[in-house]
Engineer: 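So that we are looking at the same thing, I have put the structure below in structure tokens.
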Amino acid sequence: MHRTGEQNGADIQQTGKWTHRFAQTLILAGLPAVVLTFGALFADKPLGILLVLGEPLLLAGGLYLVVLSVWNRNFFMATAFGFAVAIGGYAIHEPTTRYTALGGSPEWVRELRGCTILPKPVTGPVRILTWSIDPQKPIDTDIDTLLTYSPDIVVIYGTDSPKLGDKISAALDGEAKFFRGNQDVGGIMAIVRGSFQYCGGSEDTWEINLPALQGGSSQVLLGFPHITDIGVVPLMMVRLDAMEGPADLLPWADRVAVGASQTGAIAQSLGTRRLILVGNLQVPAQAQAVALPLVSSGLSDVRTNPNWPHHYMGIPFLPQHALDHIWIGRDWHAQATRILDAAGQQRAPIMVDLVPETRTQR
């Protein structure tokens, strides 16, 4: 029996419909799957750092495609792009629940372990204030406002000005420590309402260099500040390397990932139960390449609101990320966090109130 041309045409049309539906199904399921797989593969790699930093742009691009598809009445593609945006956001923000093996740290770090785990627990809450500033923009007048909050420990990245440090230490009736840096990123200073304690020798602060470009500045600083009427707080101050420019994008992400891994190893050697880490880590806490080694060491992130960028080229800007972090051991509980006035700086100060966990709370 011979088929007519109309029957052949109907079969071709039906086949075309099934092919179109199959293609739609493949796109609807495949696009989010590709996004999820890509995120899972690279979330804890240096490339994952770039994905987290670029998240606002990626989100804006995805939503643009959704709106454009709706505008063109292509609701199928709008649904596919919407699923992809949601899955991508999940992949980036998925909490760190895994652990990774950490490498070694300098042998002398373990010699400080006793000063981290043996002191008596602190007897009250501790207020931490940290700020990463542009070394070319003085903050001498702006610091007066911050001191009205009566912090116990102040860590400022971007300056080692003795004048400023002396001003803060006088206001806190405490002691300041200065760590020199290069001209581009400035030094670091730490001030405590009290004094820095020695640990079995003649030193009361220690420094370990982390991966950085030649002339860069990336380090871990260790100290044991004694807060008056509160007790000794094991403190790590960390600054990871800054990016040199667009051409340095991938190498910079790798340096940050390696620096975070080394930081986690140092924290693990010290013992993290009572430890407080105050860091200018350059990337948000949800960047798994940075978070994973710190979580594996026994620390947890104190989540704060975004503190960067508050200004871009002199123009006020909507902050997108928290680039300055505070990580704590299990003997601490974050009671409150606050983002303070940026005072014309790109990053705003972060203030965190920590309270010691009691034995009944564990």
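Not measured: the values here are computed from a predicted model. The chain is numbered in sequence order, starting from 1. Heavy atoms only: backbone and side chains are in, while hydrogens, waters and symmetry mates are out.
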Engineer: Checking His321 side chain against Leu53 main chain: does a donor-acceptor pair fall under 3.5 Å?
Structural biologist: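 A pair under 3.5 Å: yes.
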Engineer: Do you know which two heavy atoms are closest between Val185 and Ala242, and how far apart they sit?
Structural biologist: CG1-CB, 4.4 Å
Engineer: For Pro151 and Leu172, work out which heavy atoms get closest and say how close.
Structural biologist: O-CD2, 3.4 Å
Engineer: Is the ring pair Phe224/Trp206 parallel, tilted or perpendicular, if the boundaries are 30 and 60 degrees?
Structural biologist: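 Ring orientation of Phe224 relative to Trp206: perpendicular.
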Engineer: Between Asp142 and Thr145, is there a donor-acceptor pair closer than 3.5 Å when you use the side chain of the first and the backbone of the second?
Structural biologist: no
Engineer: What are the two closest non-hydrogen atoms of Ala342 and Arg347, and how far apart are they?
Structural biologist: CB-O, 4.0 Å
Engineer: Hey, could you give me the CD1/CZ distance between Ile227 and Arg127, rounded to the nearest 0.5 Å?
Structural biologist: 12.0 Å
Engineer: Examine distances only and state if a side-chain atom of Gln345 and a backbone atom of Asp134 form a donor-acceptor pair shorter than 3.5 Å.
Structural biologist: yes
Engineer: Side chains of Val109 and Glu111, heavy atoms from C-beta outward: is any pair under 4.5 Å?
Structural biologist: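 No - every pair of side-chain heavy atoms lies 4.5 Å or more apart.
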Engineer: Is the CG atom of Asn72 crowded by more than 12 outside heavy atoms at less than 6.0 Å?
Structural biologist: yes
Engineer: Before you tell me yes or no, could you show the steps for Asp324 and Ser132 under side-chain hydrogen bond (donor to acceptor under 3.5 Å, both in side chains), namely the whole-Å CA-CA distance, both residues' side-chain angles and the distance that decides it to 0.1 Å?
Structural biologist: CA-CA 7 Å; Asp324 297 281; Ser132 292; 2.5 Å; yes
Engineer: Any idea which heavy atoms bring Ala287 and Ile49 closest together, and the distance?
Structural biologist: CB-CG1, 4.2 Å
Engineer: Evaluate Val220 against Leu210 for side chain to side chain contact (heavy atoms under 4.5 Å, CB included), listing each step before the verdict.
Structural biologist: CA-CA 7 Å; Val220 170; Leu210 297 176; 3.7 Å; yes
Engineer: If you measure from CG on Leu146 to CE on Met351, what distance do you get to the nearest 0.5 Å?
Structural biologist: 9.0 Å
Engineer: Checking the side chain of Thr263 only, and the main-chain atoms of Gly259 only, is there a donor and an acceptor separated by less than 3.5 Å?
Structural biologist: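 Looks like yes, one N/O pair under 3.5 Å.
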